[in-house]
Student: 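Quick one: the structure is below, and I'll ask about it shortly.
Here is how names work: the chains are called A, B, and so on, in the same order as the sequence lines, proteins then strands, and each is numbered from 1. This structure is a prediction, so every number in the text was calculated from the model and none was measured.
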There are 2 protein chains.
Amino acid sequence: MSEPAHTAASERVAAALRERILSGEISPGSRILQEEVADRLGASRLPVREALLMLTAEGLVTLEPNKGARVPILDRQDVEVLYQMRERLEPLALIESLPRLDDGDLAEIAGIQRRIEQHDDVREFLALDRDFHMATYGGCGIDHLSDTVTRLWNATQHYRRAFMLISGPGRRWIVNAEHGLLVDALQRRDAVDAERYLVGHIRRTRLALVAHPEVFAGKA
Amino acid sequence: MSEPAHTAASERVAAALRERILSGEISPGSRILQEEVADRLGASRLPVREALLMLTAEGLVTLEPNKGARVPILDRQDVEVLYQMRERLEPLALIESLPRLDDGDLAEIAGIQRRIEQHDDVREFLALDRDFHMATYGGCGIDHLSDTVTRLWNATQHYRRAFMLISGPGRRWIVNAEHGLLVDALQRRDAVDAERYLVGHIRRTRLALVAHPEVFAGKA
DNA sequence: TGTCTTGTGAATGGATCCATAACGTGGAAA
DNA sequence: TTTCCACGTTATGGATCCATTCACAAGACA
């Protein structure tokens with residue numbers, strides 16, 4: 001509006017919607033009205049339509065012809081398979097990334113992990129956890145791979161948060177142990193160990209998540 | 001215009017562009033002019049813009065702000081990693097799909113394979129090979145997984161064709177042997193064997209493809 | 001002669017207006 | 001009272017028009 005308006009309007013709308021969806025302000029099942037979004041952001045409906053298409057590609061909304069956009073509702077099997085996709089793809093991203101991470105990058109990753117250990121708040125934890133893992137994939141220069149990993153994180157974000165809110169911080173130490181071992185393996189430039197701890201981390205999270213049926217609204 | 005115009009225009013434009021890109025008529029690096037496409041298909045520029053966004057999500061075009069759309073050029077590492085993604089994801093799709101394939105589906109898959117063995121033409125082979133593998137994933141009800149697999153096939157389509165044109169039909173029997181073993185494992189409902197043959201098939205294809213640097217235009 | 005600058009053209013990005021399809025509501029008839 | 005049909009409202013889909021930005025080329029100055 002006033003100052004940094006030279007950024008493309010579609011991108012701004014997409015970023016705003018992405019933030020609102022990932023933060024949980026717009027929950028799964030909610031309908032997204034083009035005009036309402038346009039009014040709120042002071043843009044026309046056209047950038048909103050383009051933004052919705054972008055977000056569809058990111059797995060954050062589904063678009064039904066003539067019926068509008070919604071945040072998709074996933075059942076337990078959906079989330080379980082998405083986690084299995086993560087278990088298979090993120091190690092590849094890590095393997096591609098590790099050789100290109102310099103010592104500064106690794107120090108930054110370790111710093112994020114230290115901050116995670118200090119934060120109990122679910123909202124902060126979720127953001128930092130995402131930053132942590134994405135930083136470990138930061139050296140992966142393959143757009144297709146990075147984009148796919150981002151999609152998987154986006155699609156499962158709401159259910160990850162729901163699980164964190166239910167399970168509480170009691171067993172949070174496990175995450176810190178796993179992250180710690182992963183960071184150590186990275187600093188030793190040991191891709192085999194890093195992959196081992198990463199797969200274990202994701203797999204344990206998946207099993208813990210699907211063990212809580214109350215996370216999934218519709219069906220068991 | 002005249003008859004089946006009730007199908008959404010964006011979808012029609014996307015389908016037409018998808019066909020032209022996958023067939024090789026629009027090759028990597030080519031710029032795609034919105035107005036030219038719009039004129040050719042008798043539509044406005046707006047559906048073209050939406051179609052380009054959809055195709056971006058499918059990995060068929062890249063969109064640079066204020067600079068238009070292009071079919072992306074991949075280097076050898078890109079294609080290699082895309083194949084590694086396939087090696088990791090497609091077995092998961094197969095595992096999810098197999099329990100939901102009935103005997104009719106399996107018979108149809110076997111039929112496609114028989115037709116592959118009868119066709120030497122590269123164009124026919126590419127289409128049938130795609131049909132074959134996609135049919136084996138047909139029972140996988142997870143949209144995210146199916147879409148991702150489709151993206152990987154789309155993104156590598158051009159380089160697969162280039163490789164087929166270079167290598168000729170000489171070693172085509174290997175594909176038939178691999179497909180045959182895969183079909184047999186599927187008919188035995190043996191997911192372990194099926195995964196084994198599928199991974200081997202993709203991995204061998206990857207190694208054969210990256211051994212032909214002339215497939216990749218820019219750099220080695 | 002080489003390089004920087006400026007101008008012109010073309011293509012993309014955005015906004016407003018119109019058509020169409022879906023949903024809900026109200027009324028009428030059985 | 002219930003059900004079905006028709007109408008009106010609302011939201012999305014599409015087309016045309018205008019603004020902005022990028023690219024290329026021609027010219028001027030060092």
Student: Report the residues that fulfil side chain to side chain contact (heavy atoms under 4.5 Å, CB included) with Arg204(B), sequence neighbours left out, ordered by chain and then residue number.
Tutor: Ile174(B), Val175(B), Glu178(B), His201(B)

Student: Of all residues at least two apart in sequence or in a different chain, which pass the side chain to side chain contact (heavy atoms under 4.5 Å, CB included) check with Ala57(B)?
Tutor: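 Applying side chain to side chain contact (heavy atoms under 4.5 Å, CB included) to Ala57(B) gives Ala57(A).
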
Student: Got a sec, which residues hit side chain to side chain contact (heavy atoms under 4.5 Å, CB included) with Thr56(A), two or more places apart in sequence or on another chain?
Tutor: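 By the side chain to side chain contact (heavy atoms under 4.5 Å, CB included) rule, Thr56(A) matches Val61(A), Leu63(A).
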
Student: Using a cut-off of strictly less than 4.0 Å between a heavy atom of the residue and any atom of DNA chain D, enumerate the qualifying residues of residues 25-36 of chain A by number.
Tutor: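 Going residue by residue through residues 25-36 of chain A, the ones with a heavy atom under 4.0 Å of DNA chain D turn out to be Arg31(A), Ile32(A), Leu33(A), Gln34(A).
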
Student: Listing request: all salt bridge (charged side-chain N to carboxylate O under 4.0 Å, His left out) pairs with a residue in residues 151-168 of chain B, at least two apart in sequence or in separate chains.
Tutor: none

Student: Strictly below 4.0 Å: does Ser10(B) bring a side-chain N or O up to OP1 or OP2 of dG13(D)?
Tutor: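 No, no such contact exists.
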
Student: Between Ala211(B) and Pro213(B), what is the shortest heavy-atom contact and its length?
Tutor: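 Nearest pair, atom of Ala211(B) first, then Pro213(B): O-CD, 3.2 Å.
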
Student: Scan for salt bridge (charged side-chain N to carboxylate O under 4.0 Å, His left out) pairs involving residues 53-66 of chain A, sequence neighbours excluded, and state none if there are none.
Tutor: Arg18(A)-Glu58(A)

Student: Please list residues of residues 47-54 of chain A whose heavy atoms come under 4.0 Å from any atom in DNA chain D, ordered by number; otherwise none.
Tutor: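 Residues of residues 47-54 of chain A that come under 4.0 Å of DNA chain D are, in numerical order, Arg49(A).
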
Student: Under the salt bridge (charged side-chain N to carboxylate O under 4.0 Å, His left out) definition, can you give me all pairs with a residue in residues 123-145 of chain A, not counting sequence neighbours?
Tutor: Glu19(A)-Arg123(A)

Student: Whole angstroms only, please: what is the CG-C1' distance between Leu46(B) and dT16(C)?
Tutor: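 Rounded to whole Å, this separation is 12 Å.
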
Student: Side-chain N or O of Lys67(A) versus OP1/OP2 of dT12(D): is the shortest distance under 4.0 Å?
Tutor: no

Student: Does anything in residues 90-99 of chain B pair up under salt bridge (charged side-chain N to carboxylate O under 4.0 Å, His left out), and if so which pairs, sequence neighbours excluded?
Tutor: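 For residues 90-99 of chain B: Arg86(B)-Glu90(B).
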
